[in-house]
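We count ligands from 1, going down the list as the structure has it; atoms in each ligand are counted the same way.
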Amino acid sequence: MDQIPLMRCPKANNVGHAAIPCVDLSAPGAAAAVADACRSVGFFRAINHGVRAAITDALEAHAMAFFALPAQDKLDMSGAARPLGYGSKTIGSNGDVGWLEYLFLSVSSNSVEISSLPPSLRAALEAYTAAVRELSGRVLELIAEGLGVDRGLLRGLVVGREEGSDELLRVNHYPPCPLRPPGECGVTGFGEHTDPQIISVLRSNCTAGLQIKLRDGRWVPVSPTRKPSSSTSETRCRLQMHICMQVLTNGRLRSVKHRVVAPEAGAHSRLSVIYFGGPAPSQRIAPLPEVMREGEQSLYREFTWGEYKRAAYKTRLADHRLSAFELRAATQPPAASSADPQPHCSSCMQPPQQQVAKVH
Ligand SMILES: O=C(O)CCC(=O)C(=O)O
Ligand SMILES: [Fe+2]
């Protein structure tokens, strides 16, 4: 038994399902639709993406079997997350907590780094990574096309680099939480954040919990996907544009803030798998001249991916990870933190409190 502090997570506005674009990646207008979704929301649901349901189903089954093992076995197989490995309730090393356990892996060279994972899980992770890497490459091509730049420009940062790239896979398991905070609040599964890489592909089992923040500030739930029928060969994936895409496009594409509310007692466990694509540590990151208009001021200074990652690992989940690289920061006094204020429960009108709960 463990004792951990829990944060309350306000429930989202129940209005936004329609606000999340759905893009058919095989349709003729896919490039424009993807670029539009990345400009407006920073998040979309993809269909006809080519990742077969058999691959996601196998990963889901093997991951669930792994999470059902005793805690010590999970730690012995993968090591404690620092930041890679098996983690439970703590996220990163800067004080973030959530009602979840997870595996966080480097999957850069087509082979999952943690060699002591069960072979069937490793094989499922490798098959999934290969499929999702390909999907990410296609989406990066579509984004480039939608932005009117060379098709290979963004893909080349992440996929097929000889010197390797920075690809990570996170498998999150959120068991139902027996606690019910008062009012319209749930328990935080994964706190508010923007993902740190260039592109993320998120796939979850058919459970609710994910919320995203729209440009107008409203948090909206992302509706769970339906179980695929036997005639459907692929499940739905969600794609998110991430923080460094914001730099590369000089703010044209925005990172989306998102968070997860843990399932309530009696609900199904949530399982999500997120692929995070990023470049090699030596890659220089700066707004792409091809994307900018003549005379446009760069909003960010140039940095290397390695420099950015070192800074990112020092931040907390809700922190704004780009502040050190914003050029405005050099001329204006920096805000204490550009993260949103701590969430309040709308119905109980109290700041979230830390509750101490016993969890298994
Ligand atoms: O579990 C989810 O659905 C999302 C988790 C997430 O945002 C992350 O791991 O970065
Ligand atoms: Fe995330």
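For the pair E60 and R203, the salt-bridge criterion is met [side-chain N within less than 4.0 Å of a carboxylate O]. A salt bridge is absent between K89 and E101; no separation between the charged side-chain nitrogens and carboxylate oxygens falls under 4.0 Å.
W219 and Q211 make their closest contact through CZ3-O, 3.7 Å (heavy atoms, listed as atom of the first residue, atom of the second, distance). The shortest non-hydrogen separation linking M64 to S269 is CE-CB, 3.9 Å.
By the criterion of a heavy-atom distance under 4.0 Å, neither the backbone nor the side chain of L100 is placed next to ligand 1. Proximity of F104 to ligand 1, defined as any heavy-atom pair under 4.0 Å, is not found for any part of the residue.
Ligand-side atoms of ligand 1 in range of V260: 1 (O), 2 (C), 3 (O), 4 (C), range being under 4.0 angstrom from any heavy atom. Using a 4.0 Å cut-off to heavy atoms of H258, the atoms of ligand 1 that qualify are 7 (O). Within ligand 1, counting atoms from 1 as listed, the ones closer than 4.0 Å to a heavy atom of F276 are 10 (O). Listed by number with element, the atoms of ligand 1 under 4.0 angstrom from any heavy atom of L202 are 3 (O), 4 (C). Near S272, meaning under 4.0 Å from any of its heavy atoms, are these atoms of ligand 1: 1 (O), 2 (C), 3 (O). Close approach to I274 involves these atoms of ligand 1, each under 4.0 Å from a residue heavy atom: 5 (C), 8 (C), 9 (O).
Between F190 and H193, the ring planes are tilted. Angles from 30° to 60° get that label.
Closest to the Fe ion (ligand 2) among the N, O or S atoms of D195 is OD1. Sorting the N, O or S atoms of H258 by how far they are from the Fe ion (ligand 2) puts NE2 first.
Ligand 1 lies nowhere less than 4.0 angstrom from a heavy atom belonging to Y102. R259 does not count as a contact of ligand 1, since none of its heavy atoms falls under 4.0 Å from the ligand.
A distance of 11.5 Å separates CD1 in I143 from CG in L153, rounded to the nearest 0.5 Å.
Applying the ring pair (Phe, Tyr, Trp, His ring centres under 6.0 Å) test to every pair with at least one member in residues 136-174, sequence neighbours left out, gives these pairs: F67-H173.
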For a quick test of your reading: what N or O donor-acceptor pairs under 3.5 Å do the side chains of residues 30-43 make, sequence neighbours left out?
from	atom 1	to	atom 2	distance (Å)
D36	OD1	R39	NH1	3.1
S40	OG	D36	O	2.9

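The option from Q197, H193, E192, R170 that lies nearest to atom 6 (C) of ligand 1, judged by heavy atoms, is H193.
Seen from the ring of F104, R170 counts as a face-on cation partner, given the 6.0 Å and 45° thresholds.
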